[in-house]
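These notes are about the structure you will find just below.
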Amino acid sequence: MSTLYYYHNDFLQHDTGLGHPESPDRLSHINAALKESAFNSLKRISPQLRQDVIELIRLVHTQAMIDKVLQKVTADNYIPLDQDTLLSDGSAHAALLAVSAVCDAVEKVCNKKANNAFCAVRPPGHHAEPEKSMGFCLFNNVAIATEYARKVHNIKRIAIIDFDVHHGNGTQAVFYKNADVFYASTHEMPNYPGTGYASETGVGNIVNVPLAPGETGEQFREKYRHKILPALKRFNPDLILLSAGFDAHKDDPLASIQLVQEDYQWLTQEIMDIAKTCCNGKIISVLEGGYNLYALADCVSAHIAVLMKA
Ligand SMILES: [Zn+2]
C-alpha cells in the first residue's frame with residue numbers, strides 16, 4: 001500500500017495570463033520539491049482523460065455551465081468567466097483532466113489500491129458553484145469526486161475538510177442540504193468570497209470556522225482541536241477528502257493568516273489519526289490554493305510526507 005501522486009503536464013496548459021497568482025509555476029515548484037529521495041516510494045500517476053468525465057461533472061454542475069467552460073478558445077485569446085478566472089485554449093482540457101484525476105484517485109483508494117492520494121491538479125475547484133465558475137476555479141474537483149464516490153462507489157458518508165484560506169463557497173453550495181456529506185472549513189474573514197459565517201450550518205452537516213486576519217498557527221490548531229476535529233469524529237465518515245489549499249501560510253500574498261509548514265503537518269497527522277479509526281485511513285487530498293511558490297512547495301511536500309507514513 002502506498003500514497004498516490006497525481007500530476008499531468010497538461011495541467012500547465014491552463015494559462016491564466018501574465019502575473020496571475022494561480023500560475024503553472026505552482027505545480028513546477030511542487031514537482032521540484034518531490035524530486036528528493038524521501039519521495040522515491042511515492043507512486044506517481046499521470047491521469048488519463050476519463051470517458052465518463054462529462055457525466056461525472058454533471059453530478060454537480062449544470063449543462064449550461066459545463067458548455068461555458070468547454071467553449072472554443074483560440075490560441076491567441078483569453079475568455080474571462082469573471083474578473084480573475086480566465087479560459088485559455090488549454091483550460092478546458094486541463095479542467096477535464098483534473099476531474100479525471102480526482103475521480104481516479106477515489107476509485108483507487110476505495111478499491112484499496114493505495115492508502116491515500118494527493119492530486120496536484122490545476123485549475124483548482126472549491127469556489128466553483130453548480131451554475132458558475134469563479135475565483136480561479138472552473139469545475140469543483142472535490143465536489144465531483146465526492147458525488148462520484150457516493151453515487152458510483154456507494155460510499156455513504158463523506159467528509160470534506162477545506163483548509164484553504166478562502167471559504168469553499170462552491171462545495172458548501174453543493175452539499176448544503178445533504179446530511180450524508182460533512183463539510184468543514186477554516187478560512188480568513190473578511191476575505192474572498194465573503195461566505196462561510198459560523199451561522200451557515202446547512203442541515204447540521206456544515207461547520208464554518210472563520211479566522212481573523214493575523215491569526216497564528218496556535219489559534220488555527222485550537223479551532224481544529226475544539227471545533228472541527230471533534231465534529232469530524234462524531235460524523236464518522238467512510239471516506240475523507242481534503243480541499244488542500246496552502247494559502248494560509250504566513251508568506252502567502254493573498255491572505256494574512258500566519259501558518260508555517262509544521263501547522264500543515266500537524267493537521268495532516270490529526271486527520272490521518274481520525275481516518276484510521278473511522279475509514280481505514282482512506283484520504284484523497286486535492287490541491288486548491290497556495291500562491292507563494294516556495295511556501296507552497298515546502299508545505300505540499302511536508303503534507304505528502306505525512307500522508308506517506310500511513
Ligand atoms: Zn485559497
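Order of appearance sets the numbers: ligands from 1, and atoms from 1 within every ligand.
- Within the structure, every pair that satisfies the ring pair (Phe, Tyr, Trp, His ring centres under 6.0 Å) test and touches residues 48-84, not counting sequence neighbours, is listed here: H61-F139.
- Atoms CD and SG, on E262 and C299 in that order, are 8.5 Å from each other to the nearest 0.5 Å.
- The atom of D164 that is an N, O or S and sits closest to the Zn ion (ligand 1) is OD1.
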Determine all donor-acceptor pairs shorter than 3.5 Å in which one atom belongs to a side chain in residues 41-48; sequence neighbours excluded.
unit_1, atom_1, unit_2, atom_2, d
R44, NH2, L34, O, 2.8
R44, NH2, F39, O, 3.2

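- Looking at D247, its N, O or S atom nearest to the Zn ion (ligand 1) turns out to be OD2.
- Among heteroatoms of the N, O or S kind in H166, ND1 lies nearest the Zn ion (ligand 1).
- Judged by the 6.0 Å distance and 45° axis criteria, R157 is not positioned over the aromatic ring of F182.
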